[in-house]
Number of protein chains: 2
Amino acid sequence: MSRKRWRAVKEIRIADVARLAGVSTATVSRVLSDPEKVRKKTHDLVMEAVRRSGYIPNSTAQKLRMRRTMNVLVIAPRLTNPVFAEILRGVDDELTQSGYGIIIGNLDNRREREARYVDLALSRQVDGVLLLTGYIPENDTRNMRESGLPIVALCAAIHEDGIPNVVVQDREATRQAVEYLARLGHRRFGYISGTLSSIIEVERFAGFQEGIAAAGFTQGDFVRWEGPFVFSTGVAAAEAFLQMKDRPTAIFAACDESAIGFIKRVRAERVRVPQDVSVIGFDGIEFADYTEPTLTTFRQPLHELGRVGADVLLRLIHREMRPEDWNIRLPLTLLERETTGPVLHKDYKSLRRSAL
Amino acid sequence: MSRKRWRAVKEIRIADVARLAGVSTATVSRVLSDPEKVRKKTHDLVMEAVRRSGYIPNSTAQKLRMRRTMNVLVIAPRLTNPVFAEILRGVDDELTQSGYGIIIGNLDNRREREARYVDLALSRQVDGVLLLTGYIPENDTRNMRESGLPIVALCAAIHEDGIPNVVVQDREATRQAVEYLARLGHRRFGYISGTLSSIIEVERFAGFQEGIAAAGFTQGDFVRWEGPFVFSTGVAAAEAFLQMKDRPTAIFAACDESAIGFIKRVRAERVRVPQDVSVIGFDGIEFADYTEPTLTTFRQPLHELGRVGADVLLRLIHREMRPEDWNIRLPLTLLERETTGPVLHKDYKSLRRSAL
DNA sequence: ACACAAGATGTAATCGATTACAAAAATCGA
DNA sequence: TCGATTTTTGTAATCGATTACATCTTGTGT
């Protein structure tokens, strides 16, 4: 078993370079970090030694000495959700530009995994935290928030002192969604929610109820189905929908995946979308434009959300935050596509009769 | 502007705890890392001091002293591709279990971004690298590979000494795909590739050609369209397809997203799938089960790929790699769904006539 | 050529932990 | 109780950089 093939090669330290160039370590360090501070001749001498030795500074030593890690922790509920992937892209664009690295904290929809990342943050492995989770704050994360570590919440307004929020106007958008469906003539609604313990859900449901009230309806005019932000939640909602005798004619899904799952399932039972039931999603993921029919949905400015969130976090880290930056709420865009349309009472009734 | 609200609280060092407990820093360190080595009484004393002070070790100092970062770099071509998200999940499951963190390197399909991450690796910010990219190795990454840093290649066989590969049997699967289509009676094929500079593509195309040969066809019996692993590649291929007068009756797409893009586009022109053209994808992403019709595809064991890859990397890091672990090739599963079927010559011809 | 200011470089402390080695304390048998 | 042995604890070096301060060079004006 030949181990030595892949043993690390001898590591070159700054002292080695200094010796090679015949200068002190301080000079080498200066050449590398602030070339203006050394004479041209010395500079060239050192650079030659750096080149010949292949020296690369040990970043851990730098981090320790400079007291910053140049890393940011991004805690996301689930990596395979395109929404978070897209936000992460925005975050990445902004952070790598500033030389920061991203450590990912994937909860995989299991909240108890938060603890691990709280530890990571508290042990100063990162200079700041970006919270993409929409969980309602609990003791777990309290330490983190109290530690003074810069934190920015994306995706969910954590109404707490010292934590800036960069979020979308989901409440307003959800409300508009209901109003839009009401304008199309719908009277009975279905609401496919997210996990009840998430702030996102609280916001969106509040917006939904506002919309219901604004359009002159009551609690009795809609049904609510609950589950995490995944396809199967929509499928489950569809099963329940199919059992109903007085089916809603319009469905609002709090995420595109649920909407897609719902549509797939009801179409398998010959329920037509949008003739028999209109469906509107939320998120605007890329897939939503490739389903059949294409999904009407509210597009979140995901990439921008990530960029802006990262920017705010960097400002927090660099202590250049101004009060007016505290809270940012980005607008959504309604993408009117094929899954919504006016109620067709006749069609709907005949379908219902044939299903009996 | 009240800065102090979010200034970091005073940091507690091991020396503070030692003073509080009336012991030396060495003892505190021992209590925390190896409790067996200290007397029960001292242990309790120290733990009480730790508790009271809220001490958490500074991980950067630990990293420097212990000469390992407990971090792994994962370089992925594109975060929003569900394939990589899913692999990443597997990686994450394995690594967090072992206490390792993940730093992500997102190339966003732009290869020049590799350099940044090579630097990151070379400056010893991580203990190992997981390469999800399928790029053919170049000078950029050579340094990294020569540095002795543990590297494992997933997704693409980098045939180089010292780099274990954990990959899927894409060559075999692609070949089987062609044979499967040939068995259904197809004679003219379309091949929607990935980016030509990727090893993945080289492997899959080789498998495709093997399949073509094995089924008794020649180079003249298929067309090839090229582009990255995204929806729009499939759309572009569809545009080209629609212009052809002797259209292929079976399409192999080297990724599900292309396949879906293709289907969406041709259906818009009333081309029926699978009656007019059969389509088979590659990857088995979750969404492929929610399209209409549902996509026939080869499912990659993505989560397992991630887990196994991470496991191999950890073994490499811990120097407990055995030669038989060098190369692992996981099998794929054919998911026969609705986008493939036997050729229907009559239908096809009539369609073609009407399109003239 | 000299005094003095400005600029370049070196010395050594520092960041905050771990750990080899030395020293002290506890345990044990006679 | 004493000395030998074992166990526990403390001292100080170490990981590899950065940087305040001291010291040495260089340049400038007279």
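Proteins come first, then strands; the chains are lettered A, B, ... in the order of their sequence lines, and each starts at number 1.
In the helix from C/dA1-D/dT30 to C/dA30-D/dT1, the terminal helix axes, each the rotation mapping four pairs' C1' atoms onto the next four within five end pairs, subtend 40°, rounded to 10°.
A search for side chain to side chain contact (heavy atoms under 4.5 Å, CB included) contacts involving A/L132 returns A/V74, A/A76, A/P77, A/F84, A/I87, A/L154, not counting sequence neighbours. Here B/M47 pairs with B/V31, B/L32, B/H43 under the side chain to side chain contact (heavy atoms under 4.5 Å, CB included) rule; sequence neighbours left out. Applying the side chain to side chain contact (heavy atoms under 4.5 Å, CB included) test to A/E304 and every residue at least two apart in sequence or in another chain returns A/P301, A/V308, A/L330. In this view, A/A85 and B/T80 satisfy the side chain to side chain contact (heavy atoms under 4.5 Å, CB included) rule, not counting sequence neighbours.
Applying the salt bridge (Lys or Arg N to Asp or Glu O under 4.0 Å) definition to pairs two or more places apart or across chains, those involving residues 43-67 of chain A are A/K40-A/D44, A/E48-A/R51. Among residues at least two apart or in separate chains, salt bridge (Lys or Arg N to Asp or Glu O under 4.0 Å) pairs with a member in residues 119-135 of chain B are A/E11-B/R124.
When all heavy atoms of A/N327 and A/P164 are compared, the pair lying nearest together is OD1-C, 4.5 Å. Here the shortest heavy-atom pairing between A/T96 and A/D93 reads OG1-O, 3.7 Å. Between A/L130 and A/G309 the shortest heavy-atom distance is CD1-O, 3.8 Å.
In summary, contact between chain B and DNA chain D, defined as any nucleotide atom under 4.0 Å from a heavy atom of the protein, begins and ends at D/dT8 to D/dG16 in the 5' to 3' direction.
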Validation: residues 99-106 of chain B side-chain donor-acceptor distances under 3.5 Å, sequence neighbours left out:
unit_1	atom_1	unit_2	atom_2	d
B/Y100	OH	B/H318	NE2	3.2
B/N106	OD1	B/L79	N	3.4
B/N106	OD1	B/D108	N	3.0
B/N106	ND2	A/D92	OD2	3.2

Residues 17-29 of chain B, side-chain donor-acceptor partners within the protein, below 3.5 Å, at least two apart:
unit_1	atom_1	unit_2	atom_2	d
B/R19	NH2	B/D16	OD1	3.2
B/S24	OG	B/A26	N	3.4
B/S24	OG	B/T27	N	3.4
B/S24	OG	B/T27	OG1	3.4

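Against DNA chain D, the stretch residues 42-62 of chain B makes heavy-atom approaches under 4.0 Å through B/T42. Remark: A/A26, A/S29, A/R39 in residues 22-40 of chain A come within less than 4.0 Å of DNA chain D through at least one heavy atom.
Residues A/M66 and B/M66 both approach DNA chain D. Their nearest nucleotides, taken by heavy-atom distance, put B/M66 toward the 5′ side.
A/D311 and A/R307 are not joined by a salt bridge, as no carboxylate oxygen comes within less than 4.0 angstrom of a charged side-chain nitrogen.
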